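Data block below; observations after.
Worth saying up front: this structure is predicted, and the values here are computed from it rather than measured. Here, residue 1 is the first one in the sequence, and each next residue gets the next number.
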Amino acid sequence: MKPEYVCHPLAPVYDSRSKVLLLGTMPSPRSRTEGFYYAHPRNRFWPVMGRIWEEPAPETTEERRRFCLKHHIALWDVLSSCIIQGAGDSSIREPRPNPVEKILREAPVQAVFVTGRKAYELYNRCCLPRTGMEAFLLPSTSPANCAVSVEKLSEAYQVILPYCIGGKNMNRQKIWEEAKKQLAVDLACSPADFDQASTVFVPAADLPGRRPFPRKKPIFDMVSFGQGTVISGDAELLPQLQRQLSGLGRDSLWSQPFLRSLGHYFLPDPDRMDRLPLPDGLRLEWKRAEDMKGLYQVPGFTNALGYDLCAPRPDVLALCAWDGARLVGVAGASEDCKMLWQIGIDVLLDWRGRGLGSALVSALSLAVLEKGKIPYYGTSSSNLASQRTAWRAGYCPAWVCSYGVELSQ
C-alpha cells in the first residue's frame, strides 16, 4: 500500500454535556469507509467501552454515537490531514491538526485523553499550544497493539469514568469539607469548631500535615470559615485573647487594631468553573515541577511563582502565556499540602484588562481538579481586581484569615 494524502472525513461527536474528549490520530481506512470511529472489526475500542460501563458493546454507528453522548464522551482525532500509509501511524508525514480547541470552547470537557503514543506526541506538538489543556495517554486499541489484552485495556480505560461521572467526584460539598479539615489541622482545632456560631479559642500546635507557612512569635492565627471563627495562639497568650475577644461579634473581631492585613481565600465552584476564552494571538505552554528551574530564569512573576526550588510549598504546575517570545502571563500552582494547591496569577501591565488572568486561572484550576487536588485562591482584602479575577474564574469566597498581625507579649 502506497502512502496517500488523507483529509479527515468525520465530524466530531460531542454535545453541550460532553466531559471527556478521546482523540485518536487519524481514522483508519475502514473507519473512513464506514463513516465512524474505530470501525475495524478487530479494533477493541467499543468492546472496551462496553466493559468499563458494564453494558453490551454498541455495534451500529447510531448505537455508538448514542453511547458516547449518553456517557458524556466526545470523539475526534488529532489530525485534520496528513500523508499516511494505510493505518500505520508511524508512516505519518506532513500532519495538520484539527481545531480541537473548538470542542473545549463548546463543551464542559474536564479531561483530554489520546489513544496511542503517536496521537499523544502529535497532540503535544500540534494541539497543546492552542488548547492549553494537558492530555493523558491511553494505550491504543488498534489491532496493531494486540500484545495488550482487552482486560488490560479495560483496566487502563477505567480512568475516564470519574471524569464522565463528575470530574473526580469533586463536588462543592467535598471541596469545602476537605478545606475545612485542612484548616483544622493548620489551627490545631476540630473541623466541627467552624460549624459553631461562636468564637473558639485553641492552643497553637504544629500538627503533621500543617501547611508550612512561617509563623512569628507569639503565634496568633484567626480564621472565619462557615459559621464559626477559630483563634489559635500560644498557650500563654490565650488567656489575654479570651479576655479581649470573647463575646465579640464577627465584625468586631475583624476590626481589632492589632490586625494589619487580612487574607481572603476562595474555593472553586465546579458548577460555575469553566474554561474561559483567551485573548487572540497568544501561545500557551504548560510547565511542570521539573520545568520550574528554567521558568525561574524569567523574573517578574512573584505572585504566580515561588522562585525557590527548595521551597516547602513547591511550584508543581504552571500555565504560561506567550506573546511571541515575550512571557506576558503566568498562573502557577504551589503544593501547599497533600490536597490543597494554591493558585497565583501574574499578568504584565499592558495585558491586563483583557481577560487573560481569569482565563489562565480557570484553565490551571481545572487541570488541578483533574489531578484530584483542590485549587484555592488567596488575595488581600484591598485587592479588588484579584478578587474579581477569582470570581470570574469560577471561585467563590470561602474563608478569611489574619495575615499581618502586631502583638505585644
Side-chain angles (χ1 to χ4, degrees), residues 101 104-105 108 110 132-133 167 170-172 175-176 179 183 213 222-226 250-251 254-255 259-282 284 286 300-306 313 315 317-323 326-334 336 340-370 373-404:
E101 63 274 13
L104 303 185
R105 287 196 302 265
Q110 299 297 310
M133 194 169 194
M170 279 290 183
N171 58 37
R172 180 171 175 171
I175 288 170
W176 283 61
L183 290 172
F213 290 103
M222 183 163 71
V223 172
S224 286
F225 182 95
R250 184 176 291 179
D251 288 347
W254 290 104
S255 301
L259 296 175
R260 296 305 183 211
S261 60
L262 308 180
H264 288 247
Y265 288 88
F266 297 75
L267 288 171
D269 181 351
D271 294 332
R272 288 184 55 243
M273 185 166 281
D274 201 357
R275 295 179 64 84
L276 300 177
L278 281 164
D280 292 336
L282 294 179
L284 293 180
W286 287 97
F301 296 90
T302 53
N303 289 316
L305 303 171
R313 301 181 296 110
D315 295 321
L317 189 64
L319 181 58
C320 304
W322 296 85
D323 179 16
R326 182 180 179 226
L327 184 60
V328 298
V330 178
S334 61
D336 289 2
L340 268 63
W341 290 10
Q342 185 167 187
I343 306 298
I345 179 68
D346 262 313
V347 174
L348 296 188
L349 188 62
D350 57 317
W351 275 89
R352 294 178 188 173
R354 308 192 205 183
L356 176 57
S358 299
L360 291 175
V361 168
S362 66
L364 179 62
S365 301
L366 287 168
V368 172
L369 283 169
E370 289 161 12
K373 306 298 181 180
I374 297 173
Y376 75 107
Y377 185 103
T379 186
S380 66
S381 56
S382 61
N383 195 339
L384 299 182
S386 183
Q387 293 177 36
R388 287 194 295 269
T389 294
W391 178 257
R392 285 195 297 265
Y395 284 83
C396 54
W399 74 89
V400 61
C401 73
S402 53
Y403 187 72

Any residue meeting side-chain contact (heavy atoms from CB on, under 4.5 Å) with Arg313, in chain and number order, not counting sequence neighbours: Pro212, Phe213, Ser334, Asp336, Gln342
I'd like to know if the side chain of Arg352 reaches the main chain of Val347, judged simply by a donor and an acceptor atom lying under 3.5 Å from each other, with no hydrogens or angles considered. yes
Student check: side-chain heavy atoms of Leu340 and Lys373 closer than 4.5 Å: no
Residue list, side chain to side chain donor-acceptor pair (under 3.5 Å) with Trp322, at least two apart or on another chain: Glu285
Flag the pair Trp286 / Leu317 as yes when at least one side-chain heavy-atom distance between them is below 4.5 Å, and no otherwise. yes
So, applying ring-ring contact (aromatic ring centres under 6.0 Å, His included) with Tyr376, which one of Trp341, Phe266, Trp176, Trp399 is it? Trp399
Before you tell me yes or no, could you show the steps for Arg354 and Asp280 under salt bridge (Lys or Arg N to Asp or Glu O under 4.0 Å), namely the whole-Å CA-CA distance, both residues' side-chain angles and the distance that decides it to 0.1 Å? CA-CA 10 Å; Arg354 308 192 205 183; Asp280 292 336; over 6 Å; no
To the nearest 0.5 Å, what is the distance between CZ on Arg172 and CG on Asp271? 8.5 Å
Report the distance from atom CG of Leu267 to atom SG of Cys396, rounding to the nearest 0.5 Å. 6.5 Å
Who passes side chain to side chain donor-acceptor pair (under 3.5 Å) against Arg392, sequence neighbours left out? Ser358
Listed by chain and number, what are the side chain to side chain donor-acceptor pair (under 3.5 Å) partners of Asp251, not counting sequence neighbours? none
By salt bridge (Lys or Arg N to Asp or Glu O under 4.0 Å), Asp274 pairs with (sequence neighbours left out) none
Could you tell me which residues satisfy side-chain contact (heavy atoms from CB on, under 4.5 Å) with Ser362, sequence neighbours excluded, listed by chain and number? Leu276, Ala393
State, to 0.1 Å, how close Asp346 and Ala304 come at their nearest heavy-atom pair, and which atoms those are. OD2-N, 3.3 Å
Backbone N/O of Pro268 and side chain of Arg272: donor-acceptor pair under 3.5 Å: no
Which residues pass the side-chain contact (heavy atoms from CB on, under 4.5 Å) test with Ala318, not counting sequence neighbours? Lys287, Met292, Leu295, Leu305, Val330
Nearest 0.5 angstrom please: Met133 CE to Leu364 CG, how far? 12.0 Å
How long is the span from the CG atom in Leu360 to the CD1 atom in Ile345, to the nearest 0.5 Å? 4.5 Å
Taken in chain and number order and not counting sequence neighbours, the residues that satisfy side-chain contact (heavy atoms from CB on, under 4.5 Å) with Asn383 are Thr379, Ser380, Ala385, Ser386
Are the side chains of Met222 and Cys401 in touch, meaning some heavy atoms are under 4.5 Å apart? no
Atom pair NE2/OG of His264 and Ser382 - distance to nearest 0.5 Å: 8.5 Å
With sequence neighbours left out, write down each residue that passes ring-ring contact (aromatic ring centres under 6.0 Å, His included) with Trp351, or none if nothing qualifies. none
Looking only at heavy atoms, the pair that brings Leu319 and Gly132 closest together is CD1-O, 4.2 Å
Taking all heavy atoms of Gly306 and all of Asp315, pick out the closest pair and write down the distance. N-OD2, 2.7 Å
Quick one: pull up SG in Cys320 and CG in Leu284 and give me the separation to the nearest 0.5 Å. 9.0 Å
Excluding sequence neighbours, so at least two apart, what forms side chain to side chain donor-acceptor pair (under 3.5 Å) with Ser365? Tyr395
In terms of heavy-atom contacts, Ala331 and Val361 come closest through CB-N, 4.3 Å
